[in-house]
Amino acid sequence: MSCAFNASHSPVFLLLGFSRANIPHHLLFVLFLAIYLSTILGNVTLVLLISRDSRLHSPMYYLLRGLSVVDLGLSTVTLPQLLAHLGSEYPAIPAARCLTQFFFFYVFGVTDTLVIAVMALDRYVAICDPLHYALVMNRQLCARLLALSWVVSVVHTMLHVGLLLPLSWTVDAGGHVSLPHFFCDHRPLLRASCSDTHSNEVAIFLEGGFLMLGPCALIVLSYVRIGTTILRLPSAAGRRRAVSTCGSHLTMVGFLYGTIIWVYFQPPSQNSRDQDMVAAVMYTAITPLANPFVYSLRNKDVKGALCRLLKPGRVDS
């Protein structure tokens, strides 16, 4: 083993995440292809329905459409390349493309967490202050919050890309950098470096932790207030309706934030490569697949919009 120059001059990266898998690669290819196609179908359908159906032109569905766009990007950044590598004997990616993938993966991933936090704020206003909901959560505010989420994500990612660029990499005799992962993620890249990564680790825990803590605090505070409001509702039917509007969101909050915290905010000595792989599959493949179904495609309003799209002459009762 030897040490290569920084990322702009480093050799080819080999993504070996599934090289030791006991499952045949052709079966993994079929599985991930099905996941990717289902993700595209579910999220594109949701975006189309919300864009075309005037009954879905509310702040909640506007945010859901924004989330679906992010999920499309998140899955497209990682899964097509994984499919190509599963069908290849040489799962290689040039350094420039590796860092480009890292950039877009981080941008979409962070935006995903921020949009989910904005959705918690939307649910808070809808349940705790319903009389002012239309005034507070208007389209203009939602557009600004979505734009702010994208800006924060890009700035955050540029910081971490900037910290990766000066690093040197451990290369094998063939001049390759081996990453035991299926895409260019942060932890595997740091493990493959032969430079001092202390600054990178500090940035993950401090800056990245602060970026996670803010949305998490917003979600927790929103749901504490939502919970107290629901308990005060006079009718059981009203409480059930309120809980049903929040249950799907809470499920995905725990799912997404739990896997991210598991991977990125543990000390490096306490998380294994296999655990990283499982968690990465969850938030790059399963979460974008599940979001349109958990949030919306089981929703009565969305079902009605789908029926109106498929049967234009249909009149809902």
Side-chain angles (χ1 to χ4, degrees), residues 31-53 56 58-83 100-123 142-143 145-154 156-157 182-185 211-212 215 219 247-261 263-264 278-299 301-303 305-306:
L31 173 63
F32 283 108
L33 178 63
I35 289 174
Y36 182 59
L37 293 178
S38 299
T39 300
I40 297 299
L41 177 62
N43 285 288
V44 168
T45 299
L46 186 57
V47 170
L48 180 63
L49 291 177
I50 295 173
S51 299
R52 289 174 58 96
D53 198 302
L56 300 181
S58 67
M60 180 180 74
Y61 293 110
Y62 184 82
L63 294 174
L64 283 172
R65 184 176 63 182
L67 183 67
S68 287
V69 171
V70 174
D71 286 337
L72 285 169
L74 184 60
S75 60
T76 300
V77 165
T78 55
L79 294 187
Q81 179 185 269
L82 171 60
L83 292 171
T100 300
Q101 184 188 51
F102 171 84
F103 175 83
F104 283 105
F105 166 74
Y106 242 56
V107 167
F108 285 120
V110 173
T111 304
D112 203 22
T113 64
L114 296 178
V115 172
I116 285 180
V118 173
M119 292 172 66
L121 178 64
D122 172 78
R123 292 298 83 206
C142 290
L145 290 173
L146 288 177
L148 179 62
S149 298
W150 282 101
V151 170
V152 170
S153 300
V154 170
H156 164 79
T157 304
F182 64 91
F183 69 97
C184 294
D185 201 0
L211 188 61
M212 289 290 293
I219 292 170
S248 297
H249 182 252
L250 271 177
T251 299
M252 298 312 297
V253 164
F255 188 74
L256 178 64
Y257 277 84
T259 54
I260 291 174
I261 291 171
V263 173
Y264 293 106
V278 172
V281 169
M282 297 296 278
Y283 63 72
T284 60
I286 306 303
T287 298
L289 170 66
N291 275 341
F293 297 97
V294 172
Y295 280 121
S296 301
L297 296 185
R298 295 174 56 192
N299 180 288
D301 294 335
V302 177
K303 283 183 177 180
L306 183 60

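This structure is a prediction, so every number in the text was calculated from the model and none was measured.
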- Residues which pass side-chain contact (heavy atoms from CB on, under 4.5 Å) with L146, listed by chain and number, not counting sequence neighbours: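 Result, side-chain contact (heavy atoms from CB on, under 4.5 Å) vs L146: Y62, L63, V115.
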- Item | With L48 via side-chain contact (heavy atoms from CB on, under 4.5 Å) - residues at least two apart |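 Partners of L48 by the side-chain contact (heavy atoms from CB on, under 4.5 Å) criterion, ordered by chain and then number, come out as R52, L309.
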Reported [atom1]-to-[atom2] distance for the pair [X] and [Y], which is rounded to 0.5 angstrom:
X: I116; Y: T287; atom1: CD1; atom2: OG1; value: 8.0 Å
X: T39; Y: L72; atom1: OG1; atom2: CG; value: 8.5 Å
X: L79; Y: I35; atom1: CG; atom2: CD1; value: 7.5 Å
X: F182; Y: T284; atom1: CZ; atom2: OG1; value: 3.5 Å
X: L64; Y: S58; atom1: CG; atom2: OG; value: 8.0 Å
X: L211; Y: T113; atom1: CG; atom2: OG1; value: 6.0 Å

- Please examine the side chains of L49 and Y61, heavy atoms only from C-beta on, and report whether any two atoms are closer than 4.5 Å.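 Not in contact.
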Write down the atom of [X], the atom of [Y], and the distance for their closest heavy-atom approach.
X: V47; Y: S68; result: CG2-CB, 3.7 Å
X: S75; Y: P80; result: O-CD, 3.5 Å
X: S38; Y: L289; result: CB-CD1, 3.5 Å
X: F183; Y: Q101; result: CB-OE1, 3.5 Å
X: P288; Y: Y283; result: CD-O, 3.7 Å
X: L114; Y: S153; result: CD1-OG, 3.8 Å

- Message: Take a 6.0 Å sphere around CZ of F103 and say whether it holds more than 12 heavy atoms from other residues, nucleotides or ligands.
- Response: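 Result for CZ/F103: enclosed.
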- For F108 and D71, what are the C-alpha separation, side-chain angles and deciding distance, and is it a side-chain contact (heavy atoms from CB on, under 4.5 Å)? CA-CA 7 Å; F108 285 120; D71 286 337; over 6 Å; no
- Measure centre to centre between the rings of F102 and Y106, then say whether the value is under 6.0 Å.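 Between Y106 and F102, which both carry aromatic rings, the centre distance is below 6.0 Å.
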- Task: Go through the steps for F104 and T76 under the test side-chain contact (heavy atoms from CB on, under 4.5 Å), then give the verdict.
- Result: CA-CA 10 Å; F104 283 105; T76 300; over 6 Å; no
